[in-house]
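Before any comments, here is the structure.
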Amino acid sequence: MHPYPLKGSKGASLPPRPTLVFLIALFGLYVCYLSFNQIRMESKHVEENGAQEQDEHVCAKPYVPSEELPYVHFPKPKGYSRAECSCNPVRFFVIVSMQRSGSGWFETLLNSHPNISSNGEIFNRVDRRQNISSIVQTLDKLYDLDWLTSAAKNECTAAFGFKWMLNQMSVLCQVTLMIPNFSKSQGFMDHHDEILSYLNKKGVSVIFLFRRNTLRRLISVLANNYDRDAKQLNGTHKSHVHSEEEAEILAKFKPELDVSTLVSNIRDVEKYMGDCLDSFNTTRRMILYYEDIIRNRNVLFQVQEFLGVPVRKLVSRQVKIHTRPLPDLVRNWEDVNSRLNRTEYARFLDGADYVK
């Protein structure tokens with residue numbers, strides 16, 4: 001016998017081992033559930049706080065006068081995030097002009113501003129203006145800021161637009177005109193009202209840029225058409241140049257004007273511009289003339305105010321081609337002078353539109 005006999009335990013017996021394992025597993029699941037629920041609540045709280053901060057960020061939009069609200073937008077591009085610029089208002093614009101009226105030079109001036117993006121002639125491709133659907137689709141993509149070109153800015157864009165030439169929108173103005181490189185898309189005639197309605201509903205501001213001296217414009221058009229074939233600059237056609245040397249080469253060509261149709265052509269061009277102005281009389285618009293910008297750079301300050309951007313000095317690297325007096329630019333100047341003299345267009349004969 002053992003010297004110290006052991007007595008049996010009188011306490012409660014332990015549960016069977018399977019039951020004990022089950023209880024431990026159940027407790028572990030309960031702890032995991034509590035932990036997961038707490039993490040989910042914390043995540044929801046963070047999301048709510050983030051959304052609240054975002055809402056507060058959105059609410060911190062700058063003050064805009066009530067009359068300007070239809071022309072102020074906060075686009076959300078699909079291709080990228082505007083991030084910290086999302087609350088910066090953007091104004092949409094379109095430059096309506098004619099070839100050889102200074103629109104290319106004007107656009108480079110605008111694009112020298114860090115907050116302005118003008119994206120060129122987006123409708124120079126016919127497939128983008130074949131019908132109203134393609135036109136609206138193109139405009140929507142542009143004004144959603146999903147149109148990426150060299151004019152895109154790293155800074156917050158405050159004014160976004162493009163250049164629409166009248167030969168690309170001729171039926172929009174409900175007129176026809178025989179001008180060089182004139183073309184129109186089949187079926188575009190029926191969409192005049194729809195496009196005007198789009199511009200108004202979208203809050204697009206229209207900048208008209210024309211040339212007062214349509215005679216000088218005609219000379220520039222003919223010279224540009226000549227270089228399109230002649231390619232005088234090392235076998236390359238250039239509508240715009242950036243050096244005095246290149247300008248001098250292009251200016252050497254003197255076109256010969258058809259005096260038999262000269263007056264009627266000038267009259268048609270002026271009527272063309274007037275009809276287009278009438279067609280857009282319901283839009284928010286600004287009417288500019290090339291000569292006025294040349295002579296008074298304060299006009300550019302007015303343009304920036306119209307677009308709602310900070311006013312600053314605008315610059316361009318482009319060099320004007322035809323700077324000489326009119327008699328030095330036309331081969332048959334005597335005939336032109338005789339034809340226009342004593343007509344309503346005699347004012348074009350001695351009017352210089354360029355002042356150095």
Side-chain angles (χ1 to χ4, degrees), residues 97-106 108-109 165-167 177-182 208-234 236-274 287-297 299 316-356:
S97 187
M98 303 177 73
Q99 276 77 7
R100 315 313 296 175
S101 296
S103 61
W105 169 69
F106 178 69
T108 61
L109 288 169
M165 309 306 288
L166 292 188
N167 71 306
L177 181 65
M178 295 303 296
I179 57 176
N181 298 323
F182 183 84
F208 285 98
L209 176 60
F210 293 136
R211 196 163 183 168
R212 295 186 187 276
N213 194 325
T214 54
L215 176 61
R216 276 190 172 267
R217 176 191 168 272
L218 177 59
I219 294 171
S220 181
V221 167
L222 294 175
N224 185 64
N225 286 345
Y226 171 79
D227 185 70
R228 197 182 304 275
D229 296 326
K231 297 179 175 57
Q232 303 167 87
L233 298 176
N234 297 323
T236 302
H237 168 61
K238 289 187 177 182
S239 296
H240 309 98
V241 297
H242 300 90
S243 71
E244 298 286 350
E245 293 76 12
E246 290 179 329
E248 183 65 25
I249 293 174
L250 295 183
K252 289 180 180 179
F253 172 73
K254 297 182 179 182
E256 182 173 338
L257 276 60
D258 183 355
V259 294
S260 64
T261 61
L262 184 57
V263 172
S264 60
N265 281 341
I266 293 177
R267 184 179 294 115
D268 287 344
V269 169
E270 294 202 334
K271 183 180 184 300
Y272 188 47
M273 294 187 296
I287 303 174
L288 300 176
Y289 290 94
Y290 171 76
E291 293 87 348
D292 296 341
I293 301 175
I294 287 288
R295 293 168 179 164
N296 182 11
R297 289 302 180 94
V299 173
S316 173
R317 293 178 53 245
Q318 285 193 13
V319 177
K320 184 173 173 64
I321 298 173
H322 298 103
T323 61
R324 300 172 183 172
L326 281 172
D328 297 334
L329 300 178
V330 181
R331 185 183 305 173
N332 58 333
W333 173 250
E334 293 299 328
D335 296 334
V336 171
N337 183 69
S338 176
R339 182 66 186 89
L340 295 183
N341 200 15
R342 297 181 181 178
T343 70
E344 57 184 310
Y345 305 116
R347 65 185 186 275
F348 295 153
L349 297 176
D350 56 357
D353 64 354
Y354 184 76
V355 179
K356 290 187 177 180

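All residue numbers in this chain count up from 1 along the given sequence.
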### Query
Can Arg211 and Ser101 be counted as having a side-chain donor-acceptor contact under 3.5 angstrom?
no

### Message
When you measure from the side chain of Tyr272 to the backbone of Leu166, do you find a donor-acceptor pair of N or O atoms at a distance under 3.5 Å?
### Response
yes

### Query
Sequence neighbours excluded, which residues qualify as side chain to side chain donor-acceptor pair (under 3.5 Å) partners of Thr236?
none

#### Entry: Partners meeting salt bridge (charged side-chain N to carboxylate O under 4.0 Å, His left out) with Arg317 (sequence neighbours left out)
none

## Note on the structure
Glu270 meets the side chain to side chain donor-acceptor pair (under 3.5 Å) criterion, sequence neighbours left out, with Arg347

### Task
Could you pull out all residues at least two apart from Asp292 that satisfy salt bridge (charged side-chain N to carboxylate O under 4.0 Å, His left out)?
Arg212

### Task
Check whether any side-chain N or O of Arg217 sits under 3.5 Å from a backbone N or O of Gln99 as a donor-acceptor pair, and report yes or no.
yes

### Query
Who passes side-chain contact (heavy atoms from CB on, under 4.5 Å) against Val330, sequence neighbours left out?
Ile219, Leu257, Asn332, Trp333, Val336

### Residues in side-chain contact (heavy atoms from CB on, under 4.5 Å) contact with Ile249, at least two apart in sequence or another chain
Gln232, Leu233

### Task
With sequence neighbours excluded, tell me which residues meet side-chain contact (heavy atoms from CB on, under 4.5 Å) with Thr261.
Asp258, Ser264, Asn265

### Query
Does Arg324 have any side chain to side chain donor-acceptor pair (under 3.5 Å) partners at least two apart in sequence or in another chain, and if so, which?
Glu248

### Message
Tell me every residue that passes side chain to side chain donor-acceptor pair (under 3.5 Å) with Lys254, counting only those two or more places apart in sequence or in another chain.
### Response
none

### Query
For His237, which residues count as a side-chain contact (heavy atoms from CB on, under 4.5 Å) partner, sequence neighbours excluded?
Asn224, Asp227, Arg228, Lys231, Ser239

#### Entry: Residue of the set Leu262, Val263, Val269 for which side chain to side chain contact (heavy atoms under 4.5 Å, CB included) holds with Ile266
Leu262

### Query
Which residue pairs pass the salt bridge (charged side-chain N to carboxylate O under 4.0 Å, His left out) test with at least one member in residues 327-343, sequence neighbours excluded?
Glu256-Arg331

### Message
Which residues pass the ring-ring contact (aromatic ring centres under 6.0 Å, His included) test with Phe210, not counting sequence neighbours?
### Response
Phe208

